[in-house]
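Working notes, beginning with the structure itself.
The chains referred to below are lettered A, B, ... by the order of the sequence lines, with proteins before strands, and numbering in each begins at 1.
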Number of protein chains: 2
Amino acid sequence: MGVTIKDIAKSAGVSYSTVSKALRDSPLVKEPTKKRIIQIANQLGYQPNVAARSLVSKKSFTIGIVWPTIERAAHSALITSINKRLEHHGYTTLISINETRTAIDIFNRYRVDAILVFDDGPERYSSPSSVPIVTYGIAEDPLYPTVDVNRKKAIFYAVDYLCRLGHKKICYIGDLKKRDHLQKEKVEGFKQAVLDCKLETFSGQMIPVNGLEQYDGYVAAKDLLRSEVIPSAIVIGSHDLTRGILQAIHESELSVPEDISIISYDNIPEMNNLVIPFSTVGVPLETITKKLTEVLMDTINNKNKDKEMSRVIYLEPKLHISQSCRPIN
Amino acid sequence: MGVTIKDIAKSAGVSYSTVSKALRDSPLVKEPTKKRIIQIANQLGYQPNVAARSLVSKKSFTIGIVWPTIERAAHSALITSINKRLEHHGYTTLISINETRTAIDIFNRYRVDAILVFDDGPERYSSPSSVPIVTYGIAEDPLYPTVDVNRKKAIFYAVDYLCRLGHKKICYIGDLKKRDHLQKEKVEGFKQAVLDCKLETFSGQMIPVNGLEQYDGYVAAKDLLRSEVIPSAIVIGSHDLTRGILQAIHESELSVPEDISIISYDNIPEMNNLVIPFSTVGVPLETITKKLTEVLMDTINNKNKDKEMSRVIYLEPKLHISQSCRPIN
DNA sequence: AATAATAATAACAACGTTGTTATTTTATTT
DNA sequence: AAATAAAATAACAACGTTGTTATTATTATT
């Protein structure tokens, strides 16, 4: 079974409390003894028992991530980055892919120091959690501190940018369903921009997709390109759609940005494996994870009090200009 | 802070040991008292402290999954299924996406009951882990009990099947690099089958890809279709490649299976969102996760002794015949 | 060399559970 | 109604750790 502090004590001929102090590098134990103890610990492959430790110290130095939507590729990049950042703060990340309610219960049983919820779902989970919760991307009347991207503004910026380049006929390809809050925001941003920029509106300006995968983008774009009036620019609501849309454009023997300008919503800085470097709007992934880590640490250290606890932090999207849009004469 | 058994005891006017028994549904406590205690526990939102519990009982009812390659879509389906199965056995699944060595250490500190490693990497981690380890897909001289798919056989079956349909000119598209053990197996299966079935060999019979993504398949197939001799059938080494290959075939105005037969290696039963229902070879995902769960439970309950501990279980692939292959006259 | 001050180590309680043993309450027998 | 058996509950030790307090060993001061 697992090696304990007492095994080390016996082997070193000291009391177990001395071992505890030595391993935590306390100044209360003499340097040579400390060295000897540490060496024995390594030799025996000692790993401190988290259960025992967190039982007495009421700290686990662990963050639980709730991730029921495990397939979402975008989230996996976020989680990788968060994990790295938390590691630097001395925290361990543990993930549960269970349904949100269940996962929160699990982490409560483990008494982790904080829970980070990644769940796009519209479901409300009024969770009696004694462990503090932070959420990402559920800005609609959240019960907990939330970090979110201002998606409305993002798409607004995209349209505004195209407009300043002189584009008049601009389409939006994305999820138009009312259900998904995150996608709805984007649609609103588009509508607002069309209004504010005094752009032409026309039927078929907003093209729906069935899902957010490459294939869905392909289908939607095929559809669009078959119609008689082709827009001079397209705003794409979600990352994966872009590839499919490009594919469709290529098949129509059109090229980007010569024949058509394209800009996509995206947080991930990896639109590089596409044919041309792509222009995007969105909050850089590292900005998101930096803020999330910050909020988590503040929450743990009780830096935010009372009503402040349930406030939303909207991150400001950035326009990342590359080579997929061109000015119109 | 968290509600403890003592809080409940106070509120119910009984001793905390009675509460413990009541919550574990022990016959040692009278039914009405039990009911009352359980009700109070729910009311207070009590969640048992895993740390305290596993400290005394030496059981955590938790399995740690090591998953450093978080992006691998195929694994996410496996993990989802495993999670569900383990839940039925009363186990909780916790995931770490840290580098394998680190993740194993973490789970050792947590004293989970077993660790399941999903790591394709060829790296050897001679880990001094006091928690038992089970691995998936690292059959090459494994240190721990391992479940693996017989990939060599899988591809063999695919070729054999095509051969029996009368195909003579069969190509393989996949990763040909020597590095990746999993991919190498498949290549060997192909070579073996070509030999055993006395098939024609020709230059350019095995087409390499750069990665295992859809795009890589597209590029490889484009290349193939540009050459003067086009095979009558293609065996595809990995799931995601398939879409790209189909794309390329369509662009060449060929159709499947009329002009060309295609069969793909795949464990996931979801080749449905393709244009036609696809023929595949591989071990069904549920078979894999069933066996993995079995091995995990056996390992925990010490059902496998001594040298048996480090044996490999090769799962037998199944041919799943659908509509992407046709017989040749 | 005896005493005080300090450094190093040991002993012990506590954390929230479970499982075992001890005590009290209730039911049964005479 | 007293004695006994059975049922229900309470008390206590243990798990592996940390932090506090008590003890012992060492050094400094006279």
Starting the side chain at C-beta, find the nucleotide from [options] nearest to [X].
{"X": "A:Lys21", "options": "D:dA11, D:dG19, C:dC15", "answer": "D:dG19"}
{"X": "B:Val56", "options": "D:dT18, C:dA11, D:dA14", "answer": "D:dA14"}
{"X": "B:Tyr16", "options": "D:dT17, C:dG16, C:dT18", "answer": "C:dT18"}
{"X": "A:Val29", "options": "D:dC12, C:dT9, D:dT18", "answer": "C:dT9"}
{"X": "B:Ala52", "options": "D:dT17, D:dG19, C:dG16", "answer": "C:dG16"}

**Study point:** Under-3.5 Å donor-acceptor pair between A:Ser15 side chain and C:dA11 base
**Key:** no
Just how far, in rounded Å, is [atom2] of [N] from [atom1] of [X]?
{"X": "A:Lys59", "N": "D:dT17", "atom1": "NZ", "atom2": "C1'", "result": "16 Å"}
{"X": "A:Arg36", "N": "C:dT9", "atom1": "CZ", "atom2": "C1'", "result": "12 Å"}
{"X": "B:Glu31", "N": "D:dA7", "atom1": "CD", "atom2": "P", "result": "15 Å"}
{"X": "B:Ile8", "N": "C:dG16", "atom1": "CD1", "atom2": "C1'", "result": "11 Å"}

Quick one: is [N] close enough that its OP1 or OP2 comes under 4.0 Å of any side-chain N or O from [X]?
{"X": "A:Lys58", "N": "C:dG16", "value": "yes"}
{"X": "B:Thr33", "N": "D:dT9", "value": "yes"}
{"X": "B:Ser20", "N": "C:dT18", "value": "yes"}
{"X": "B:Thr4", "N": "C:dG16", "value": "no"}
{"X": "B:Thr18", "N": "D:dT9", "value": "no"}
{"X": "A:Arg24", "N": "D:dG19", "value": "yes"}

Check your understanding: Mapping A:Gly13 and B:Leu55 to their closest nucleotides on DNA chain C, which lands nearer the 5' end?
Key -> A:Gly13
Point to revise | B:Tyr46 vs B:Leu28, nearer the 5' end of DNA chain C by closest nucleotide | key: B:Tyr46
Practice item. Using both distances under 3.5 Å as the test, list the Watson-Crick or G-U wobble partner of D:dT29, or none. Key: C:dA2
Practice item. Show your reasoning for whether side chain to side chain donor-acceptor pair (under 3.5 Å) applies to A:Thr62 and B:Tyr110. Key: CA-CA 11 Å; A:Thr62 302; B:Tyr110 271 90; 2.3 Å; yes
Under a 4.0 Å threshold between the charged nitrogen and the carboxylate oxygen, would [Y] count as salt-bridged to [X]?
{"X": "B:Lys84", "Y": "B:Glu87", "result": "no"}
{"X": "A:Glu294", "Y": "A:Lys291", "result": "yes"}
{"X": "B:Arg101", "Y": "B:Asp105", "result": "yes"}

Practice item. If the plane angle is over 60° it's perpendicular, under 30° parallel, otherwise tilted; pick one for B:Phe118 and B:His75. Key: tilted
Exercise for review: Tell me what A:Ser54 touches on the nucleic acid: a base, only sugar-phosphate, or nothing, going by heavy atoms under 4.0 Å.
Suggested key: nothing
